[in-house]
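Excluded from the calculations below are hydrogen atoms, water molecules and symmetry mates; all remaining heavy atoms, backbone and side chain alike, are included.
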Amino acid sequence: MSAMVWLLLGCQSSWTLEDTDGDGFTWLEGDCDDGNPTVFPNAAEVCDSIDNNCDGNIDSDSPLALTWYGDVDGDGFTGDGFTQVSCEIPPGFTAEPTDCDDNNSAINPEATEYCNDIDDNCNGEIDEDGAIGGTIYFTDADGDSYGNPDAPVSQCTQNNSATNQSDCDDTRAESFPGADEVCDARDNDCDGDIDEGAIDASTFYIDSDSDGYGDSATSIEGCEAPSGYVDSDQDCNDSDITIYPDSVRLEVPQDGIDVDCDGLDFCTDLSCDGRPDILLPLWVDDDDNYELDSPVYLSSNLTASVSIETTGVLAGDSYDLNSDGYRDVVLATGYDGTTCQANSRIYWGDSIETLSGSTALPTSGSRDVKIADIDLDGQHDLLFSGSTEDCEEGASPSPAVIFWNTSDGSFSESFSTRTGAQEVWEVDIGDIDDDSFNDILLCRHRSESTYASSSIILWGSSNRQFDGYTELATSGCADQLLKDLDDDGLLDVVFANYRDDDGYEPSSSVYWNNGNRFNTADLETLATTAAWSVQGEDVDGDGDVDLVFGALADLTSDIWELDTLIFLNEGGSFGEPIALPTPSSPHPAVADLDGDGMMEVVVAGYRTDDAFPSDRVIDSYIYWGSDSYSEKGRTALETAGAWQASVADFDADDYPDILMSSYFDGSTHAADSRVYWGSAAGFSEEDTTELAVSGGVYAAPVIIGQ
């Protein structure tokens, strides 16, 4: 060993060639403290004031060391331009920088904001409200250009503020000086008054007799009715509490007193009390008698009944034909037990609750009658259909016939017009071609041996004449409708087609009126089966007239359970129908029963597929518009052989009632019809009145005064 090596080993006695602390490294291999097993190259640096990994740095490269921020500009706030990493916070440093400009001591979180396009106070906003050097404005929180006097604000640039301080309610854009005053219990125009001169103010009328109806001669404008005032001006005598619209005080015709303020000094119903009465016209009894006493149910509880002698009635209508102030009734006779050549009749009303005497009018197999001023002479005329359907063999052709009203209100065969159209089931009257003359629509069920018959429009002209006719193709037409379906001012025509020569599935027809008397027919077909009736109402409340079809039966397949169909009008055309699962229901009713603006469909259940011959005590249904005509949401009403549903407010309580008239319950034609009374709670089988009859009610009940 040389002297030099020995000298070195002697001088560095603590250095060894061995791994003294057992950490895997000798001093020759970089262990900077071979007496501490936690210190060696690549060891984890921790905050312990020791160079644990022998890289010459103490603690600064430890994962636990933090970055600290210093203050460059000396304003007491640190920025991110001067940092130090260490385990302990150095003096004058902070854990987070707060100075947004550490090179300018005038800019820091506690500095004053000035209008200088600089964020002086480091809040992230430049020249925000309240900055020194701004202009005083007034907060405009609702954006109506009028400022809140209680919220002045200094702004470098005007923003969501106003130069004025005139807004009395800065939470509502509808309130500012000069705004329209409306009825909302607020000072909209900021003049210190509430609801004065409101643009939506109502007119209220004095109600001196406290009957709920006011006098149009004395009124006041306001948002609420003052004491003694009401919103109706329909009282025609404000000094008599018994005189008002829909009054149930008995009307005395032509006494100079209009008790119900309808402008008419005559009775609108048989009992003259302003409530609708019910005539149940009978067709036949269980012994095949057609000459029967048809009952009339009067007054609000429908317990008082009178009757009239009738013959095989298939339709009826009511009007004061002779202008004596009392309602008359017209009944169309279809068959008398022997012949179709049986007279229809006018039953004359001449006092309260009385139909005294009648006038016979020669018709043939009449299934329909309409009362209207056909010739526009101020007198109402009569239009009867004529048919030999289900009549005796060899019966002569049966045209529809018009009986013209004379000046004294009488009718006779000598003053009548036979239309020439045969096998007519339904008749309607209206100015179809918009020429100021009434036209006549005739629904023809068949033509001799075929159901593929044409229905007829007779074009009216002056002097009770007709200016030609137009034929519209139909198939076993059972019902028809005249309605303006597309809101163009012209009446369109709908036919419910019951059957053709092959069966019971002909489409029903919509003939759109294009103003040229249907010379080029605009036809839309609707898929129906055994359609027996059609009604036009705005079912869904969208302003368009929709169509509801009732169905009788597919007799080829003996199917009675056919859906009632709702076709919604989609701006002048019809899509797929809403199908309501029902028993046979030839005559449903369509009415708003709950006052929500949507129509309900009341389905009278006549029979089901298995309800023959003896059991037709089955459920009828109310399908509710508010429930989207759901089968689950419908209301069931037990009925017996119900043929037709009708709706009217029979007790004048402002709740519509439902009349289910019965034709045959499987064992008798003398099945009671029934009124279901409407109320705030709806309809119940416990709240009904039965109307006894001696025969089947095939025709629609005549609701006198509806």
Side-chain angles (χ1 to χ4, degrees), residues 315 332 362-377 381-389 396-404 413 415-485 488-498 500 506 508-525 534:
T363 58
S364 179
S366 184
R367 300 179 62 95
D368 192 21
V369 60
K370 292 292 190 301
I371 300 175
D373 184 4
I374 301 175
D375 55 3
L376 304 177
D377 66 350
D381 312 300
L382 308 178
L383 172 61
F384 290 90
S385 67
S387 173
T388 55
E389 178 75 8
S396 60
S398 306
V401 58
I402 303 169
F403 290 91
W404 304 102
E413 184 177 11
F415 194 33
S416 65
T417 299
R418 299 169 70 87
T419 66
Q422 302 166 8
E423 298 295 352
V424 174
W425 271 30
E426 299 291 322
V427 295
D428 279 292
I429 302 160
D431 185 6
I432 302 174
D433 57 359
D434 196 29
D435 66 351
S436 300
F437 294 106
N438 276 326
D439 310 303
I440 293 178
L441 179 64
L442 304 174
C443 157
R444 298 182 64 218
H445 187 61
R446 62 185 299 172
S447 177
E448 297 181 351
S449 62
T450 180
Y451 290 96
S453 58
S454 294
S455 292
I456 303 293
I457 300 176
L458 299 177
W459 302 108
S461 64
S462 60
N463 300 319
R464 304 185 182 94
Q465 302 298 311
F466 294 95
D467 181 21
Y469 64 92
T470 296
E471 297 186 33
L472 300 176
T474 52
S475 296
C477 179
D479 195 15
Q480 63 187 8
L481 177 70
L482 269 179
K483 282 273 189 176
D484 182 3
L485 301 177
D488 64 352
L490 298 173
L491 294 173
D492 305 298
V493 178
V494 183
F495 294 109
N497 292 324
Y498 176 59
D500 57 22
S508 291
S509 310
V510 178
Y511 284 93
W512 298 98
N513 193 341
N514 51 23
N516 66 356
R517 290 191 171 187
F518 301 96
N519 290 332
T520 55
D522 188 358
L523 171 64
E524 180 175 356
T525 59
V534 59

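- Side-chain atoms of Ser385 do not come within 3.5 Å of backbone N or O of Ala400 as any donor-acceptor pair.
- Salt-bridge formation is not detected for the pair Arg517/Asp439: no Lys NZ or Arg NE/NH1/NH2 atom is positioned less than 4.0 Å from an Asp or Glu carboxylate oxygen.
- One distance of note links OG of Ser364 with CD of Gln422; it measures 10.0 Å at 0.5 Å rounding.
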Tell me, with the steps shown, if Leu491 and Lys483 meet side chain to side chain contact (heavy atoms under 4.5 Å, CB included). CA-CA 5 Å; Leu491 294 173; Lys483 282 273 189 176; 5.7 Å; no
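- Between Pro506 and Asn497 the shortest heavy-atom distance is CG-O, 3.7 Å.
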Val510 and Val493: CA distance, side-chain angles, deciding distance, side chain to side chain contact (heavy atoms under 4.5 Å, CB included) verdict: CA-CA 6 Å; Val510 178; Val493 178; over 6 Å; no
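- Residues Leu441 and Ile457 come closest through the heavy atom pair CD1-CG1, 3.6 Å.
- Across every non-hydrogen atom of Leu383 and Ile440, the tightest pair is CD2-CG2, 3.7 Å.
- Interatomic distance, CH2 of Trp459 versus OG1 of Thr470, reported as 5.0 Å (0.5 Å rounding).
- In terms of heavy-atom proximity, Asp484 sits nearest to Leu490 at OD1-O, 3.1 Å.
- Using the six-membered ring where Trp is involved, Tyr511 and Phe518 have ring planes that are perpendicular, over 60° apart on the 30 and 60° scheme.
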Could you please spell out the steps behind the side chain to side chain contact (heavy atoms under 4.5 Å, CB included) verdict for Ser509 and Leu523? CA-CA 7 Å; Ser509 310; Leu523 171 64; 3.7 Å; yes
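- Between the side chain of Asp428 and the backbone N or O of Leu481, no donor-acceptor pair lies under 3.5 Å.
- Shown here is Phe466, whose CZ atom has more than 12 heavy atoms of other residues, nucleotides or ligands within 6.0 Å.
- Side-chain contact between Val494 and Gln480: absent, with no pair of heavy atoms (C-beta onward) separated by less than 4.5 Å.
- Nearest approach of Glu413 to Phe403, heavy atoms of both residues: CA-CE2, 3.9 Å.
- Note on ring orientation: taking the six-membered ring where Trp is involved, the planes of His445 and Tyr451 are perpendicular (angle over 60°, cut-offs 30° and 60°).
- Here the side chains of Ser453 and Thr474 are in contact, with some heavy-atom distance below 4.5 Å.
- With rounding to the nearest 0.5 Å, the separation of CZ in Arg444 from OG in Ser475 is 12.5 Å.
- Atom OG in Ser462 sits 11.0 Å away from atom CG in Leu376 (nearest 0.5 Å).
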Please lay out, stage by stage, how Glu426 and Phe495 fare under the test side chain to side chain contact (heavy atoms under 4.5 Å, CB included). CA-CA 10 Å; Glu426 299 291 322; Phe495 294 109; over 6 Å; no
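- Using a distance-only test at 3.5 Å, with no hydrogens or angles considered, a donor-acceptor pair links the side chain of Arg446 to the main chain of Glu448.
- Put simply, the side chain of Asn463 never gets that close to the backbone of Gln465: no donor and acceptor are under 3.5 Å apart.
- Ile402 contributes atom CD1, which lies 7.5 Å from atom CG of Asp381 (distance to the nearest 0.5 angstrom).
- Considering SG of Cys477 and CG of Leu442, their distance stands at 10.0 Å, rounded to 0.5 Å.
- Side-chain atoms of Asn513 come within 3.5 Å of backbone N or O of Ile432 as a donor-acceptor pair.
- The closest donor-acceptor contact from the side chain of Asp368 to the backbone of Val427 lies under 3.5 Å.
- Across all their heavy atoms, Ala478 and Tyr498 have their closest contact at CB-CB, 3.9 Å.
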